[in-house]
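As a basis for the values below, the full set of heavy atoms in this structure was taken, side chains included, without hydrogen atoms, waters or symmetry mates. Letters go in sequence order (proteins before strands), and every chain restarts at 1.
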Amino acid sequence: MEYASCSTCLLKSKAVKSLGENELHILGQGCVQTVFKKGETIIKQGALSSNIIYLQTGLVKLMIDGSHRTQILRMKKAPCYLGLPTTMGDKINHYSAVALKKTTACFVDINVFKELLKISPEFSYEIIVELCKNELEQFNRYVRLVQNQIYGRLATNLLYFSNEIYLSDEFKLPLNRTELADLVCTSRETISRQLTELAEEKIIDIDGKHLRIVNKSLLEEISKKG
DNA sequence: GCATTAACCACAG
DNA sequence: CTGTGGTTAATGC
């Protein structure tokens, strides 16, 4: 096994950038980079959690297998940390993370991570900022999920893909219809119907997974109204 | 009542 | 895996 050389790594997080040579050396002792193919599981719900993961490149879905169905908690796009809540919060992972395309991840031993939190305030600060931003996003997503109708929720998520993940009005959906349903909290059939409806209204162009947003302002309107 | 929303089932490409 | 049609239940005028 090769130890990572963190000081020369070009894909450092903002938190890691604040570390000195000495601390980077500590990190390097407990840090391994791994590549995941599309569909591979990076974190498994129910398994023992012993690593903090930094997503360097790629795209991931976080999901929980509930008693009745699967729920996609959110998408996560690199660069970002993965599994902070599930690794620090309990011995066992509460959710799974699955790569939606080729993804590079850096696994950091939990004890090394804790050590860095202790010795570097700047590092800790950046971690807290990321955690807080995530919590706010999740709170807002939760409210939308409960208070908006499906049409609006779907619109919101399509806009999220466009604005936050692909930075383009045209992209290939990373999820199939069932997964979209798990993300939006509805049934596969409803997703199908509403996508064709959005296409009929000339708000989007859809061909399989290829999606182009034609009328963005209207889509934003639908997203806002719920 | 009547309309709307959305889930579940079935079936066909 | 996806789209569509029929049916049904809940909810709101």
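- Separating the CG atom of A:Leu175 from the P atom of C:dT2 is a distance of 10 Å, rounded to the nearest angstrom.
- Rounded to an integer number of Å, the gap from A:Arg193 CZ to B:dA10 C1' is 12 Å.
- In this structure, A:Tyr166 and A:Phe171 have parallel ring planes: the angle between them is below the 30° cut-off, well short of the 60° mark.
- Looking at heavy atoms from C-beta onward, A:Leu175 lies in side-chain contact with A:Met75 at the 4.5 angstrom threshold.
- Checking A:Ser217 against A:Asn215 by side-chain atom types alone, a donor-acceptor pair falls below 3.5 Å.
- The side chain of A:Gln194 has B:dA6 as its nearest neighbour among B:dA6, C:dG3, B:dA7.
- A close approach under 4.0 Å does not occur between any side-chain nitrogen or oxygen of A:Thr190 and OP1 or OP2 of B:dT5.
- Atom CD in A:Glu189 sits roughly 16 Å away from atom P in B:dA12 (whole-Å rounding).
- For the pair A:Ile150 CD1 and B:dT4 P, the computed distance is 17 Å after rounding to whole Å.
- Atom NZ of A:Lys209 and atom P of C:dG3 are 11 Å apart (whole Å).
- A:Ser192 comes within contact range of at least one nucleobase, with a heavy-atom separation under 4.0 Å.
- Using a 4.0 Å heavy-atom cutoff across all strands shown, A:Gln149 reaches sugar-phosphate atoms only and no base atom.
- One can place CD1 of A:Ile222 at 16 Å from C1' of B:dT5, the figure rounded to the nearest angstrom.
- Atoms NZ (A:Lys172) and P (C:dC1) sit 14 Å apart, rounded to a whole Å.
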Considering only distance and modelled atom types, tabulate donor-acceptor pairs under 3.5 Å from the side chains of residues 196-204 of chain A, sequence neighbours left out.
from	atom 1	to	atom 2	distance (Å)
A:Thr196	OG1	A:Ser192	O	3.0
A:Thr196	OG1	A:Arg193	O	2.7

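- With rounding to whole Å, A:Gln147 atom CD is found 18 Å from B:dT5 atom P.
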